[in-house]
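Within every chain, numbering begins at 1; the chains are lettered A, B, ... in the order of the sequence lines, protein sequences first and strands thereafter.
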Protein chains: 2
Amino acid sequence: MVRSARQPTIVDVARDAGVAISTVSRYLNGVPTRRANRERIEIAIEQLGFRRNAMAAAMKSDRSHMIGIMAPVLDEFHSAVLERLATRLRQTGRVLVTYCHGGDTKVMHEIVDFISTQRLDGLFIAGEAPLRDRTDDLIRRGTPVIFYNNELRGLWADRVLVDNRNASRRAVNHLLDLDHTRIAIIHGSLDASSAVDRLAGYRDALEAAGVPVTSDYERDGRWLPDGGYHAMEQLMSQSRPPTALFVTNYRMTIGALAWIKERGLSVPDDLSLICFDDIEAFPLMRPAITVLSQPVEAITNSLAEMLFSRLGDPSLPPRAMTLECSLILRDSTQKLSPDAER
Amino acid sequence: MVRSARQPTIVDVARDAGVAISTVSRYLNGVPTRRANRERIEIAIEQLGFRRNAMAAAMKSDRSHMIGIMAPVLDEFHSAVLERLATRLRQTGRVLVTYCHGGDTKVMHEIVDFISTQRLDGLFIAGEAPLRDRTDDLIRRGTPVIFYNNELRGLWADRVLVDNRNASRRAVNHLLDLDHTRIAIIHGSLDASSAVDRLAGYRDALEAAGVPVTSDYERDGRWLPDGGYHAMEQLMSQSRPPTALFVTNYRMTIGALAWIKERGLSVPDDLSLICFDDIEAFPLMRPAITVLSQPVEAITNSLAEMLFSRLGDPSLPPRAMTLECSLILRDSTQKLSPDAER
DNA sequence: TTGTAGGCGTTATCAT
DNA sequence: ATGATAACGCCTACAA
């Protein structure tokens with residue numbers, strides 16, 4: 001099973017079919033062709049087992065039909081986006097190339113360098129602060145870049161985001177409605193706009209309700225399970241621990257739940273919990289977790305549409321699309337019991 | 001921000017640096033170059049913002065440095081594999097292209113056709129029965145294909161698998177050790193070797209223990225949450241429902257748990273549960289779910305190594321690598337209570 | 001070590 | 001609608 005000597009080319013097809021190379025090329029690209037020729041070409045292709053070489057076509061036409069996506073990790077959110085994008089793009093004859101940087105700045109830079117070598121037709125990026133400069137370079141070179149999840153403020157580029165601030169406000173308002181006032185937040189790394197916005201929404205809600213905002217109730221969980229776990233430890237060891245908790249992604253929630261389980265705390269009796277992102281397992285937990293769910297489907301569709309329209313007209317001014325999250329009430333939040341120390 | 005007129009090429013660099021094109025090419029490929037030339041080339045590259053065009057290089061050298069991966073969906077398992085592979089491949093200057101078929105035969109075929117156009121250097125495939133013929137064609141064309149997750153029996157190709165049969169045997173033995181005899185299985189679609197093997201391991205264990213194997217306790221959940229849910233419904237509505245349950249992937253487990261939650265059944269009091277695949281949330285459920293965990297890291301490493309060695313020597317005979325799963329005991333299984341109807 | 005020239009498989013531009 | 005032919009950007013003999 002040795003690599004076959006050479007794959008048949010369009011030249012072989014032309015010769016076999018007794019037509020010109022350009023006729024074959026046109027046939028392959030769907031340009032109308034005289035019927036007799038078309039049939040002979042089809043036979044030749046079939047016999048030779050010819051498959052057009054996408055790379056040669058790409059080189060000539062300066063369109064690789066490859067789209068990249070760059071994410072820190074493939075967690076449930078990013079892989080859901082990835083799966084849908086891959087499917088959608090394939091339907092348009094494009095291919096999705098995946099890059100993961102694991103949050104490492106050096107790797108991010110390497111990847112951008114790598115990418116500019118690749119001549120992708122477009123790129124989706126989950127925005128990360130260290131990406132600002134390099135990305136700018138990519139864009140200037142002419143690669144359409146579309147950001148999602150986080151925006152790089154001030155960067156003149158397309159983006160699809162959720163209204164993190166408003167969603168967080170709603171989550172915290174829900175807790176306030178249940179009479180909680182000692183509400184803590186475990187937020188992500190503040191170099192991400194989504195972390196900043198979610199924190200801002202949390203503060204908005206407290207301020208609007210006249211509840212004092214204090215750093216005692218704000219902890220950075222760096223988006224990671226481990227960070228969520230440690231944040232819990234610190235939050236709950238205070239003299240006046242929170243009675244309610246807002247965790248701004250699902251991975252930190254995993255960590256927080258691990259801590260809760262370890263200490264035998266009861267949710268929602270001891271602590272009301274609400275978190276950002278919904279995953280399949282959350283409705284099945286005891287208690288089922290109340291969440292802010294991101295509209296993954298809509299995000300993906302918007303990303304795809306935005307890409308297509310930019311591919312169609314590169315001179316379009318950058319557009320921002322903002323989508324709303326939905327608050328899904330389940331069993332992890334409850335009214336503050338009246339006898340709780342206020 | 002219009003697409004720049006033209007990207008600088010190796011020719012521009014050569015002109016600017018005052019050296020020959022081939023000198024630049026050699027420099028780019030790490031061939032020793034006279035120092036003075038090297039410096040001038042570096043300056044020219046810097047000034048022009050030159051980036052070598054990977055596609056032109058690929059076409060010339062007949063190596064695209066692109067590796068594909070084809071999976072039905074990006075669930076926790078496949079996306080974990082994907083993430084690690086993408087990282088590992090990037091370290092060797094390669095790129096990972098993702099294809100998802102959602103289990104649709106027609107789409108699978110389209111993708112294989114699509115792929116043979118792409119001139120990938122290699123391809124990882126989560127084996128699926130309908131892929132047999134088309135894949136064979138790809139392999140014969142010279143694309144190294146490495147299967148994982150499911151094997152296509154009789155296909156002469158590399159593969160990395162886990163010992164599904166043995167793992168399942170251990171899971172069921174664990175239940176038998178706890179005195180269960182009415183042990184049910186929810187298995188995946190039997191056109192997948194992993195489903196067949198897991199079912200076989202289940203039967204092995206029962207037979208070895210002298211427990212009768214009955215189709216009353218075997219249900220097909222088609223790998224899906226929904227399938228798990230309905231399988232539960234059927235299994236538990238029997239006159240002698242099982243006292244223990246083995247679910248052969250995590251998605252069907254999700255469905256089974258949904259049914260359990262809905263009916264207010266208690267695990268492990270009413271039903272012991274063990275399942276294939278571990279996910280972040282399982283240790284946090286109440287009860288924490290006992291699982292067979294797949295060695296994702298080892299699987300990925302093996303896939304990568306197998307690819308590299310095949311790239312190095314295409315004439316190598318196909319190899320199969322089989323890895324063991326680990327049984328992680330948590331709280332979802334317990335000894336059958338003596339008063340339970342036997 | 002360096003330069004020259006031909007070719008990889010396609011598309012695009014011309015006439016025809 | 002078709003055919004001949006010049007690119008596309010890079011690599012690689014081969015000769016210097």
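Closest approach of B/I67 to B/L123, counting heavy atoms only: CG2-N, 4.4 Å. Across B/P144 and B/R310, no two heavy atoms sit closer than the pair CB-CG, 3.6 Å.
At whole-Å resolution of the value, NE2 in A/H65 and C1' in C/dT10 are 12 Å apart. Note: CD1 (B/I45) to P (D/dC10) measures 10 Å, nearest angstrom. In this structure, CD of B/Q118 is placed 15 Å from C1' of C/dT10, rounded to the nearest angstrom. What separates CE of B/M59 from P of C/dT11 is a distance of 11 Å, to the nearest Å. Between the CD1 atom of A/I10 and the P atom of C/dA12 there is a distance of 11 Å, given to the nearest Å. Rounded to whole Å, atom C1' of C/dT10 lies 15 Å from atom CD of A/Q7. In this structure, B/N53 atom CG and D/dC8 atom P are separated by 12 Å, rounded to whole Å. For B/I41 and D/dC10, the CD1 to P distance is 13 Å, given to the nearest whole Å.
Out of D/dC11, D/dA4, C/dT11, the shortest distance to the side chain of B/R52 is found at D/dC11.
Using a 4.0 Å cut-off between charged side-chain N and carboxylate O, B/R15 and B/D12 make a salt bridge. A salt bridge links A/K106 to A/E110: one of the charged nitrogens lies within less than 4.0 Å of a carboxylate oxygen. The pair A/E39-A/R35 meets the salt-bridge criterion, with a side-chain N (NZ, NE, NH1 or NH2) lying under 4.0 Å from an Asp/Glu carboxylate O.
A/F124 places none of its side-chain heavy atoms less than 4.5 Å from the side chain of A/V81.
A donor and an acceptor atom sit less than 3.5 Å apart, one in the side chain of A/K60 and one in the base of D/dA7.
Remark: B/S22, B/S25, B/N29 in residues 21-39 of chain B come within less than 4.0 Å of DNA chain D through at least one heavy atom.
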